[in-house]
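Remember, it's 1-based here, ligands and their atoms both numbered in the order they're listed.
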Amino acid sequence: MYNDNPTLSGIKKEIDESKQGEVFFQEAGLQGTVSDQKHFYIESYGCQMNFSDSEIVASILSEVGFQPTRNMEVADLIMINTCSIREKAEDTVRKRLRVFDKMKQQRPGTLVGVLGCMAERLKSKFLEQEKLVDLVVGPDAYRDLPNLVSNAEDGDKGVNVFLSREETYADISPLRLGSNGVSAFISIMRGCDNMCSFCVVPYTRGRERSRNAFSIVAEATDLYQKGYREVTLLGQNVDSFKWENPETQEVVSFADLLAQVADVHPNLRVRFSTSHPKDITDEVLYTMARYENICNYIHLPVQSGNSRILDLMNRTYDREWYINKINRIYEIIPDCAISSDIIAGFCTETEEEHKDTLSMIEFAGYSMSYMFFYSERPGTLAARKYEDDIPLEIKKKRLQEIIQTQTKVSQAHNQRDIGKTFKVLIEGTSKKSDQDFKGRNSQNKMVVFPKAADYRAGDYVNVTIHKATSATLIGEMIAE
Ligand code: SAH
Ligand code: SF4
Ligand code: F3S
């Protein structure tokens with residue numbers, strides 16, 4: 001569930017940690033004469049939930065008179081929304097802090113804030129390790145930002161890493177500055193109660209809690225009215241969404257929520273991420289099949305194709321269970337695309353066990369995967385219980401084999417689409433050519449096709465595919 005460029009299906013993407021963080025942008029207020037308004041600059045790393053959180057942060061700060069800027073040099077407050085999922089993600093943040101340090105030397109008085117998962121993991125240690133940091137704010141403490149900023153302006157460095165059991169920011173309307181105006185994320189839950197042994201998220205994001213279902217539907221409705229045509233419901237484990245109406249005691253399940261959001265309008269596409277194989281139910285699959293506007297795409301991370309490794313990972317399913325789940329999905333939604341997350345070289349993994357992962361990629365026929373080698377995270381179950389004993393070269397070699405297998409499978413997946421016609425939601429102009437549109441089909445594949453007059457971002461068009469790479473489908477619009 002990484003914020004990434006979805007055109008690259010099947011290819012290992014240096015997604016979260018190595019690319020430059022995304023920067024929110026708003027030109028207004030920055031041109032011409034100097035305004036006396038204060039400006040914030042925010043860079044985001046990590047998963048889509050972090051990007052979604054940055055929109056909440058932007059909203060909270062704009063309420064107290066801060067304006068967003070893409071230009072770090074004019075910012076009074078520089079923030080970095082961080083990720084701790086792998087060591088490399090944290091290294092990237094430290095590199096960026098060096099850049100901010102230079103900025104601060106040039107403009108004394110500029111405040112630097114570290115937000116998100118790394119703030120939560122390192123807490124006040126950040127202030128000791130990084131002298132330039134003024135604020136350390138965990139994912140559940142963003143409402144306290146105005147207060148922390150104001151104290152920091154008076155010279156008081158501040159830390160708030162309190163993890164809440166209730167906070168969902170349900171009442172905050174995110175400031176969607178980085179958006180294309182067509183697709184938006186909606187956070188439907190926070191935290192994670194699964195204890196996958198490799199994973200730092202339960203420690204950085206706290207306990208799982210679901211957001212008020214009414215507020216989710218209201219946000220989707222508002223987005224539709226503003227011209228958005230696609231929402232992605234976000235959570236670490238969306239299938240365990242469960243919200244009880246305090247007045248009626250009625251319980252809204254994830255399948256119910258999907259239907260409620262899909263009912264907002266038939267022209268509002270609904271996507272979701274991430275599904276945990278142990279929690280996705282037939283009810284969810286039937287709901288997907290019933291609604292044309294719920295996209296036929298499931299991100300169902302397998303992590304490993306081997307049952308012994310899955311047990312060590314504490315994923316609570318085994319290879320057979322996962323295979324049955326895949327079969328069930330294709331049975332109920334025959335044209336569903338499935339993607340995955342895969343970890344190479346987890347503790348004690350043998351060559352044979354690694355091969356089980358390769359064969360799982362083939363069996364599941366993933367349209368794409370996010371692929372990583374195992375990176376031990378301090379404090380996790382795996383770090384405490386198992387030795388990180390697979391040498392780096394072996395991890396890298398196995399990752400390469402996983403990438404090769406996935407690329408081949410993605411290529412075949414896309415080749416099968418040649419000749420088919422898909423309903424595509426136009427997202428904007430293609431990066432490669434301003435003569436082409438880009439958009440996605442229901443299966444979340446990027447489709448590129450020549451522009452035609454009278455169409456624009458947010459429109460649905462039918463596109464027949466005549467060419468495919470492992471990453472993109474290329475086609476032409478056909479008349480309605
Ligand atoms: N909630 C999602 C995943 C969130 S983290 C789920 O359960 O599927 C995104 C992905 O990062 C994970 O699926 C996993 O493949 C990868 N990941 C998490 N911890 C990791 C680690 N310590 N080393 C390497 N990859 C890791
Ligand atoms: Fe991490 Fe597992 Fe929770 Fe996903 S389900 S966030 S991998 S602990
Ligand atoms: Fe997301 Fe990274 Fe945190 S993946 S939940 S930003 S550790």
Review point. Ligand 1 and Q236, any nitrogen or oxygen pair closer than 3.5 angstrom?
Key: yes

Exercise for review: Determine whether the side chain, the backbone, both or neither of F372 has a heavy atom under 4.0 Å from any heavy atom of ligand 1.
Suggested key: side chain

Point to revise | Flag side-chain contact, heavy atom, 4.5 Å: Y142 against V137 | key: yes

**Study point:** N or O contact, F198 vs ligand 1, cut-off under 3.5 Å
**Key:** yes

Point to revise | NZ/NE/NH1/NH2 to OD/OE distance under 4.0 Å, R176 and E55 | key: yes

Study note, to complete from the structure: Honestly, for V201 the part within reach of ligand 2 (heavy atoms, under 4.0 Å) is side chain

**Study point:** Nearest-neighbour protein heavy atom for atom 3 (Fe) of ligand 2, which is reported as residue plus atom name and distance
**Key:** C192 SG, 2.3 Å

Revision key, fill the gap. For N50, the ligand 3 atoms with a heavy-atom partner under 4.0 Å come out as 6 (S)

Point to revise | Geometric class of the F346/F198 ring pair [parallel <30°, tilted 30-60°, perpendicular >60°] | key: perpendicular

Check your understanding: Which bit of C196 is near ligand 2, meaning a heavy atom under 4.0 Å away: side chain, backbone, both or neither?
Key -> both

Review point. Are any of the side-chain heavy atoms of D76 and L111 separated by less than 4.5 Å?
Key: no

Review point. Considering residues at least two apart in sequence or located in another chain, which fulfil the side chain to side chain contact (heavy atoms under 4.5 Å, CB included) criterion with R416?
Key: A412, H413

Practice item. Report yes or no: does C117 have an N/O/S atom closer than 2.8 Å to atom 1 (Fe) of ligand 3? Key: no

Practice item. Note the single closest protein heavy atom to atom 8 (S) of ligand 2, along with its residue, its atom name and the distance in Å. Key: N194 O, 3.4 Å

Point to revise | Pairing of E167 and R190 as salt bridge, 4.0 angstrom limit | key: no

Study note, to complete from the structure: Within 4.0 Å of some non-hydrogen atom of P301, the atoms of ligand 1 are 8 (O)

Review point. Is there any N or O on Q303 that sits under 3.5 Å from an N or O of ligand 1?
Key: yes

Exercise for review: Specify side chain, backbone, both or neither for R377, according to which of its non-hydrogen atoms lie closer than 4.0 Å to ligand 1.
Suggested key: side chain

Exercise for review: Using a 4.0 Å heavy-atom threshold (strictly under), name the region of P202 that reaches ligand 2: side chain, backbone, both or neither.
Suggested key: side chain

Exercise for review: Check whether any side-chain heavy atom of K278 sits under 4.5 Å from a side-chain heavy atom of N237, and report yes or no.
Suggested key: yes

Check your understanding: Quick one: does I343 get a heavy atom under 4.0 Å from ligand 1?
Key -> yes

Review point. Near C47, which atoms of ligand 3 are under 4.0 Å from a heavy atom of that residue?
Key: 1 (Fe), 4 (S), 5 (S), 6 (S)

Point to revise | Ion pair check, E130 and R98, cut-off under 4.0 Å | key: yes

**Study point:** Contact with ligand 1 for N237, non-hydrogen, under 4.0 angstrom
**Key:** no

Check your understanding: Do side-chain atoms of N314 reach the backbone of M195 as a donor and acceptor pair under 3.5 angstrom?
Key -> yes

Point to revise | S84 touching ligand 3 at heavy-atom level, < 4.0 angstrom | key: yes

**Study point:** Proximity of E376 to ligand 1 by residue part, where a heavy atom lies under 4.0 Å
**Key:** neither

Point to revise | For atom 1 (Fe) of ligand 2, the protein heavy atom that lies nearest, with its residue and separation | key: C199 SG, 2.3 Å

Revision key, fill the gap. Counting heavy atoms under 4.0 Å, the part of F373 that contacts ligand 1 is backbone

Practice item. Using distance alone, decide if ligand 1 has a nitrogen or oxygen within less than 3.5 Å of any nitrogen or oxygen in R86. Key: yes

Check your understanding: Which atoms from ligand 3 have a heavy atom of C83 less than 4.0 Å away?
Key -> 2 (Fe), 4 (S), 6 (S), 7 (S)

Point to revise | Cation-pi check, R94 onto F126 ring (under 6.0 Å, within 45° of axis) | key: yes

Check your understanding: Between Q236 and ligand 3, which residue portion shows a heavy-atom distance shorter than 4.0 Å: side chain, backbone, both, or neither?
Key -> side chain

Exercise for review: Kindly say whether E230 contributes a backbone atom to a donor-acceptor pair with the side chain of S183 at under 3.5 angstrom?
Suggested key: no

Review point. Any side-chain heavy atom of E351 within less than 4.5 Å of one from K397?
Key: yes

Check your understanding: Where on R315 is there a heavy atom closer than 4.0 Å to ligand 1, on the side chain, on the backbone, on both, or on neither?
Key -> side chain

Review point. Would you call R205 a ligand 3 contact, heavy-atom distance under 4.0 Å?
Key: yes

Check your understanding: Does even one non-hydrogen atom of R315 get within less than 4.0 Å of ligand 2?
Key -> yes

Review point. Do the non-hydrogen side-chain atoms of V252 and N245 ever get within less than 4.5 Å of each other?
Key: no

